[in-house]
Novice: 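Structure in structure tokens, see below.
What you are looking at is a predicted structure, and each value in this text was computed from that prediction instead of being measured. The analysis underlying the following values was restricted to heavy atoms, covering all of them including side chains, and did not include hydrogens, waters or symmetry mates.
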Amino acid sequence: MAGEMSFTRVLIANRGEIARRIQRGCRKLGLESVAVFSDADRDAPFVAEADHAVCIGGAAPSDSYLNVAAILEAARATGADAVHPGYGFLSENAGFAAAVEAAGLVFIGPEPDAIARMGSKIEAKAAAEAAGVPVLPGYRGEDQSDARLLQEAEALGTPFLVKASAGGGGRGMRLVSDLGDAPDAIASARAEAQSAFDDPAVFLERYAPRARHVEVQVLGDTHGTVLHLGDRDCSLQRNHQKLIEEAPAADLPEAVRDRMRAAAVRLAQAIGYRSAGTVEYLYDPGRGEYYFLEMNTRLQVEHPVTEAITGIDLVEWQLRIARGEPLALTQGDVQFDGHAIEIRIAAENPAENFRPETGEISLWAPPAGVRLDTGVEAGSVVSHHYDSMIAKLIVHAPDRAGAIRQAVVAMDAFAVGGVGLNLAYQRALLTHPDFAAFRHHTSGLPEMFPGGWSEPSADPRDMALAAMALYLHLAPAGASPWESLGSWRLTAPAGWPGAASYWETTKDDPIRVNGSGSVLTAVQPDGQTITVESAALTECRLSGRIDGVPFSRITYVVRAPGHWRVHLQTPAGMTATDLRTLEDQHLQRATGGSGGADLLSAPMPGAVAEVRVALGDRVKAGDTLVVLEAMKLLQSLPAPVAGVVTEIYCAPADTVAGHAPLIKLDPEENT
């Protein structure tokens with residue numbers, strides 16, 4: 001692309017928080033935005049906030065966000081003259097970029113040839129070598145025969161990785177620590193690569209244990225100028241998926257940093273790169289060396305941390321570059337200020353093997369004073385059809401320690417109801433000594449939590465405060481003139497309703513709360529007592545004095561099915577305590593509880609991938625009965641008890657709702 005390319009209306013071929021982010025960039029430059037959406041996203045915020053919106057198909061990505069024909073038709077129908085792909089979906093699909101340009105539209109991203117070249121890990125590493133960028137030793141040849149791959153594996157030595165050439169996100173990747181395992185690793189990596197990318201080609205690469213993931217942001221225009229905008233560290237990862245990112249990369253020798261940045265610019269110049277892109281490296285602290293991993297030819301999820309430390313709006317410059325504008329700054333103009341951290345917020349339960357969480361968000365109370373890029377709000381529905389990341393929290397401070405503190409403060413003030421999030425897990429990562437001391441690395445989570453991670457729960461004192469908050473929520477003092485009549489009331493004085501009991505949903509004994517004058521007292525099941533003077537629940541804050549010391553905690557009380565949930569800010573972070581009133585207890589007994597142990601139900605909405613049993617099969621407790629796919633993840637659902645399969649309510653490819661019955665068992669004790 002050369003010269004000026006005029007456009008006024010940008011179709012955003014994406015969804016969620018990145019669609020909203022691009023909309024902000026369009027508004028900044030006076031451009032109109034077009035949202036394309038699936039049936040599942042009809043009521044999403046990014047749809048309501050767009051200047052124009054078009055439904056392009058069903059909830060499944062293949063029917064909508066991956067449907068090239070439908071996207072191009074939406075552009076034609078709305079008069080869009082440019083397309084921004086965001087990240088994920090079609091953002092690194094060279095065929096899509098070429099189709100956009102063939103339709104006479106401007107593709108806001110690099111040339112299709114650059115996308116294709118960097119999309120092949122083998123070609124990308126060859127280009128990096130040609131540009132003088134270090135690469136890990138390995139084999140990237142065209143001969144893909146078993147014999148040649150095994151021969152190269154023996155020459156390379158262990159440990160090494162088998163990686164899909166067209167791969168990403170850890171798919172098509174296998175670690176080999178024993179040469180005897182190489183044949184199986186190659187075969188399984190090939191099979192996964194074929195299934196995921198329709199390309200079975202693999203390559204071999206030396207494995208660097210305890211390595212860090214460092215990347216450099218580049219920006220190139222159509223006039224041959226390429227700049228770097230500094231570096232980022234993305235080493236906190238689970239299954240090769242980034243969790244927390246920071247800029248600049250901390251604890252990196254300045255000489256290495258300078259070489260990484262210069263190498264990224266050389267590579268981008270060598271391939272004639274335009275738009276925003278990221279060159280990713282593996283940094284081996286033990287050797288003090290870095291190696292090229294890949295180049296992402298799109299906007300990165302973690303681009304906000306670079307924006308924070310440079311003050312440069314990357315989406316704005318993607319749009320300007322796509323219009324043919326030259327970069328209005330030189331490398332010397334790029335200045336770096338302070339330290340930034342981004343936390344990816346996902347709808348998942350880390351304490352239960354990162355099980356996806358779906359449903360309607362009943363409470364959305366984010367912290368004030370920090371950047372939050374999000375695709376949801378109160379009332380939004382988190383669907384099983386898409387990735388679990390729903391927001392990103394970004395903080396910026398003068399130094400790394402300050403950024404960590406600021407992130408923790410923000411997370412401790414973040415309350416969400418209706419859908420579980422990974423905030424407590426991310427907080428545990430941020431506050432872990434390994435992260436503070438730079439001991440973290442790309443495969444270090446098992447070292448950080450050797451016994452696994454469990455969600456922190458409210459301690460007895462905080463549970464008592466949660467019960468008081470519910471007490472005040474249900475019977476606030478002074479809500480009507482009759483509540484100020486003191487001794488004329490049939491209950492306790494000063495507007496309190498007397499004593500009430502609240503049951504934590506997993507316990508049989510209640511917390512008993514009563515009021516006397518301006519004092520509230522909570523008696524816990526073990527007999528311990530906590531007393532709060534001047535107790536009040538106002539404007540989402542529980543306040544009062546304990547032993548004469550004033551306190552104030554962010555607090556939200558939300559109704560949930562069959563109980564109340566109290567979100568309470570504590571020294572360990574934001575906790576959620578589920579409490580039942582006496583009425584809730586009676587209703588639960590009347591309805592027989594939540595279901596029998598002989599029934600396997602869907603823990604979330606999803607698609608049935610496999611049914612592994614037939615009628616009459618005898619199973620053990622813990623045997624996998626059904627495999628459910630939700631948010632791109634496969635969930636194995638185990639038998640709740642040992643017994644015989646008596647009913648099967650689902651079949652492969654069925655879409656099921658959360659809590660839907662799947663398998664009925666006759667328990668072993670009955671048979």
Novice: Calculate, to the nearest 0.5 Å, the distance between atoms CD and CD1 belonging to Gln426 and Ile343 respectively.
Specialist: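 Gln426 CD to Ile343 CD1: 7.0 Å, rounded to 0.5 Å.
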Novice: Any non-hydrogen side-chain atom of Leu204 less than 4.5 Å from a side-chain atom of Leu161?
Specialist: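 With C-beta onward as the side chain, the pair stays apart.
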Novice: Below 4.5 Å, heavy atoms only, C-beta onward: do Arg210 and Pro285 meet side chain to side chain?
Specialist: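 They are not in contact (no side-chain heavy atoms under 4.5 Å apart), so the answer is no.
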Novice: Could you check Asp146 against Arg190 for salt bridge (charged side-chain N to carboxylate O under 4.0 Å, His left out), going step by step and ending with a plain yes or no?
Specialist: CA-CA 11 Å; Asp146 287 351; Arg190 272 181 176 154; 2.5 Å; yes
Novice: Hey, mind stepping through Leu628 and Val608 against side-chain contact (heavy atoms from CB on, under 4.5 Å) and telling me if it holds?
Specialist: CA-CA 5 Å; Leu628 194 68; Val608 176; 4.2 Å; yes
Novice: Salt-bridged, Arg259 to Glu289, with N to O below 4.0 Å?
Specialist: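 Salt bridge: no.
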Novice: Hey, is the main chain of Val202 close enough, under 3.5 Å, to the side chain of Lys163 for a donor-acceptor pair?
Specialist: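 No, Lys163 side chain to Val202 backbone: no donor-acceptor pair under 3.5 Å.
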Novice: Stepwise, does the side chain to side chain donor-acceptor pair (under 3.5 Å) test hold for Glu447 with His441?
Specialist: CA-CA 10 Å; Glu447 297 176 12; His441 53 94; 3.3 Å; yes
Novice: Is the backbone N or O of Phe354 less than 3.5 Å from a side-chain atom of Asn349, with the two atoms forming a donor-acceptor pair by type?
Specialist: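 Pair absent, no side-chain N/O of Asn349 close to backbone of Phe354.
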Novice: Checking Phe89 against Phe96 for the ring pair (Phe, Tyr, Trp, His ring centres under 6.0 Å) test, could you report, in this order, the C-alpha distance in whole Å, the side-chain angles of both residues, the deciding distance, and whether it holds?
Specialist: CA-CA 10 Å; Phe89 294 125; Phe96 176 62; over 10 Å; no
Novice: Would Val301 and Lys392 satisfy side-chain contact (heavy atoms from CB on, under 4.5 Å), going step by step from the backbone distance to the final call?
Specialist: CA-CA 9 Å; Val301 173; Lys392 304 178 311 196; 3.5 Å; yes
Novice: Check whether any side-chain heavy atom of Leu637 sits under 4.5 Å from a side-chain heavy atom of Pro603, and report yes or no.
Specialist: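 Yes, their side chains come closer than 4.5 Å.
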Novice: For the pair Asp231 and Tyr283, evaluate side-chain contact (heavy atoms from CB on, under 4.5 Å) and give the outcome as yes or no after the intermediate values.
Specialist: CA-CA 12 Å; Asp231 44 77; Tyr283 171 60; over 6 Å; no
Novice: Within the distance-only criterion (no hydrogens, no angle test), does the side chain of Gln335 pair as donor or acceptor with the backbone N or O of Gly332 below 3.5 angstrom?
Specialist: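 Yes, the answer is positive, given that a donor and an acceptor are paired below the 3.5 Å cut-off.
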Novice: If I take atom CG from residue Leu66 and atom CD1 from residue Ile71, how far apart are they, to the nearest 0.5 angstrom?
Specialist: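 These two atoms lie 7.5 Å from each other.
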Novice: Keeping the roles fixed (side chain from Gln300, backbone from Gly277), state whether a donor-acceptor pair exists under 3.5 Å.
Specialist: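 No.
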Novice: Please report the closest heavy-atom contact between Val162 and Ala189, naming both atoms and the distance.
Specialist: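 Shortest heavy-atom contact: CG1-CB, 3.7 Å.
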Novice: Kindly give the heavy-atom pair with the smallest separation between Gly338 and His396, and that separation in Å.
Specialist: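 Heavy atoms only, the tightest pair is CA-NE2, 4.0 Å.
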Novice: Could you check whether His84 and Phe107 have their ring centres less than 6.0 Å apart?
Specialist: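 When the ring centroids of Phe107 and His84 are compared, they turn out to be at least 6.0 Å apart.
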Novice: Taking Arg212 for the side chain and Ala249 for the main chain, is one N or O donor matched with an acceptor at less than 3.5 Å?
Specialist: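 Absent.
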Novice: Ala153 and Leu179: which non-hydrogen atoms are nearest, and at how many Å?
Specialist: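 Nearest pair, atom of Ala153 first, then Leu179: O-CD2, 3.8 Å.
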Novice: Quick check on the 6.0 Å ring-centre criterion: do Tyr386 and Tyr65 meet it?
Specialist: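 Yes, the ring centres sit under 6.0 Å apart.
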Novice: Say you draw a straight line from NE2 of His384 to CD of Gln635; how long is it, rounded to the nearest 0.5 Å?
Specialist: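 CD of Gln635 is found 12.5 Å from NE2 of His384.
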Novice: I need the full list of ring pair (Phe, Tyr, Trp, His ring centres under 6.0 Å) pairs touching residues 259-281, with sequence neighbours left out, sorted by first then second residue.
Specialist: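 For residues 259-281: Tyr281-Tyr290.
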Novice: Would a distance-only check, ignoring hydrogens and angles, find a side-chain to backbone donor-acceptor pair under 3.5 Å from Glu92 to Thr297?
Specialist: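 Side chain of Glu92 to backbone of Thr297, a donor-acceptor pair under 3.5 Å: yes, one is there.
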Novice: To the nearest 0.5 Å, what is the distance between NE2 (His228) and CZ (Arg266)?
Specialist: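 It comes to 12.0 Å.
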Novice: Assess whether a salt bridge exists between Glu152 and Arg148, defined as any Lys/Arg side-chain N lying under 4.0 Å from an Asp/Glu carboxylate O.
Specialist: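 The answer is yes: the pair qualifies as a salt bridge.
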Novice: Does NZ or CZ of Arg238 lie under 6.0 Å from the centre of the six-membered ring of Tyr425, at an angle within 45° of the ring axis?
Specialist: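 Ring-cation test returns no.
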Novice: So do Val36 and Ile12 actually touch side chain to side chain, heavy atoms under 4.5 Å?
Specialist: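 The answer is no; the side chains never approach within 4.5 Å.
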Novice: Looking at every non-hydrogen atom in both residues, tell me the closest pair between Tyr139 and Glu142 and how far apart they are.
Specialist: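 Closest pair (atom of Tyr139, atom of Glu142, distance): OH-N, 4.0 Å.
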Novice: Measuring from atom CG of Leu219 to atom OG of Ser275, what distance do you get when rounded to the nearest 0.5 angstrom?
Specialist: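 Leu219 CG to Ser275 OG: 7.0 Å, rounded to 0.5 Å.
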Novice: So do His339 and Ile309 actually touch side chain to side chain, heavy atoms under 4.5 Å?
Specialist: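 Sidechains of His339 and Ile309: no contact.
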Novice: Enumerate the residue pairs fulfilling salt bridge (Lys or Arg N to Asp or Glu O under 4.0 Å) with a member in residues 343-357, sequence neighbours excluded, ordered by first and then second residue.
Specialist: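 Those involving residues 343-357 are Glu245-Arg344, Glu302-Arg344, Glu352-Arg355, Arg355-Glu357.
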Novice: Between CD1 of Ile321 and CG of Leu327, what distance do you get to the nearest 0.5 Å?
Specialist: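 Spacing of CD1 (Ile321) from CG (Leu327) equals 4.5 Å.
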Novice: Is any side-chain heavy atom of Met448 closer than 4.5 Å to a side-chain heavy atom of Leu429?
Specialist: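 Met448 reaches Leu429 side chain to side chain.
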Novice: Does Ser188 reach the main-chain N or O of Asp184 with its side chain, forming a donor-acceptor pair under 3.5 Å?
Specialist: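 Yes: the side chain of Ser188 pairs with the backbone of Asp184.
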Novice: Check Arg21 with Glu307, please: is the shortest side-chain N to carboxylate O separation under 4.0 Å?
Specialist: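 Judged by the 4.0 Å cut-off on N to carboxylate O distance, Glu307 and Arg21 do form a salt bridge.
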Novice: With the threshold set at 4.0 Å, does a side-chain nitrogen-carboxylate oxygen contact exist between Glu246 and Arg232?
Specialist: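 No, Glu246 and Arg232 are not salt-bridged.
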Novice: Which atom pair, heavy atoms only, marks the closest approach of Ala609 to Leu634?
Specialist: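 Closest approach of Ala609 to Leu634: CB-CD2, 4.1 Å.
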Novice: Backbone N or O of His385 within a donor-acceptor pair of the Ser383 side chain at under 3.5 Å?
Specialist: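 Yes, Ser383 side chain to His385 backbone: donor-acceptor pair under 3.5 Å.
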Novice: Strictly by modelled atom types, are Ser64 and Asn67 linked by a side-chain donor-acceptor pair under 3.5 Å?
Specialist: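 The criterion, which ignores hydrogens and geometry beyond distance, is not satisfied for Asn67 and Ser64.
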Novice: Is any side-chain heavy atom of His303 less than 4.5 Å from a side-chain heavy atom of Leu314?
Specialist: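 The answer is yes; the side chains approach within 4.5 Å.
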Novice: Begin with the C-alpha distance, continue with both residues' side-chain angles, and end with the deciding distance and a verdict on salt bridge (charged side-chain N to carboxylate O under 4.0 Å, His left out) for Glu192 and Arg171.
Specialist: CA-CA 7 Å; Glu192 187 173 4; Arg171 288 177 294 178; 5.9 Å; no
Novice: Considering only residues two or more places apart or on different chains, which pairs with a residue in residues 114-124 satisfy salt bridge (Lys or Arg N to Asp or Glu O under 4.0 Å)?
Specialist: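 Every salt bridge (Lys or Arg N to Asp or Glu O under 4.0 Å) pair that includes a residue of residues 114-124, provided the two are not neighbours, is Lys121-Glu294.
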Novice: Would you say that more than 12 heavy atoms from the other residues, nucleotides or ligands in this model lie under 6.0 Å from the CD of Gln144, or not?
Specialist: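 More than 12 heavy atoms, drawn from other residues, nucleotides or ligands, come within 6.0 Å of this atom.
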Novice: Between Asp623 and Arg612, is there a side-chain heavy-atom distance shorter than 4.5 Å?
Specialist: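 They are not in contact (no side-chain heavy atoms under 4.5 Å apart), so the answer is no.
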Novice: Taking only Lys NZ, Arg NE, NH1 and NH2, and the carboxylate oxygens of Asp or Glu, determine whether Arg274 and Asp221 approach each other closer than 4.0 Å.
Specialist: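 Here Arg274 does not pair with Asp221 in a salt bridge, since their nearest N and O are not under 4.0 Å apart.
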Novice: Begin from the C-alpha positions of Tyr207 and Leu282 and carry the test side-chain contact (heavy atoms from CB on, under 4.5 Å) through to its verdict.
Specialist: CA-CA 10 Å; Tyr207 175 65; Leu282 201 65; over 6 Å; no
Novice: Give me the atom names and distance for the closest heavy-atom approach of Arg298 to Ser91.
Specialist: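 Smallest heavy-atom distance, with atoms named: CD-OG, 3.2 Å.
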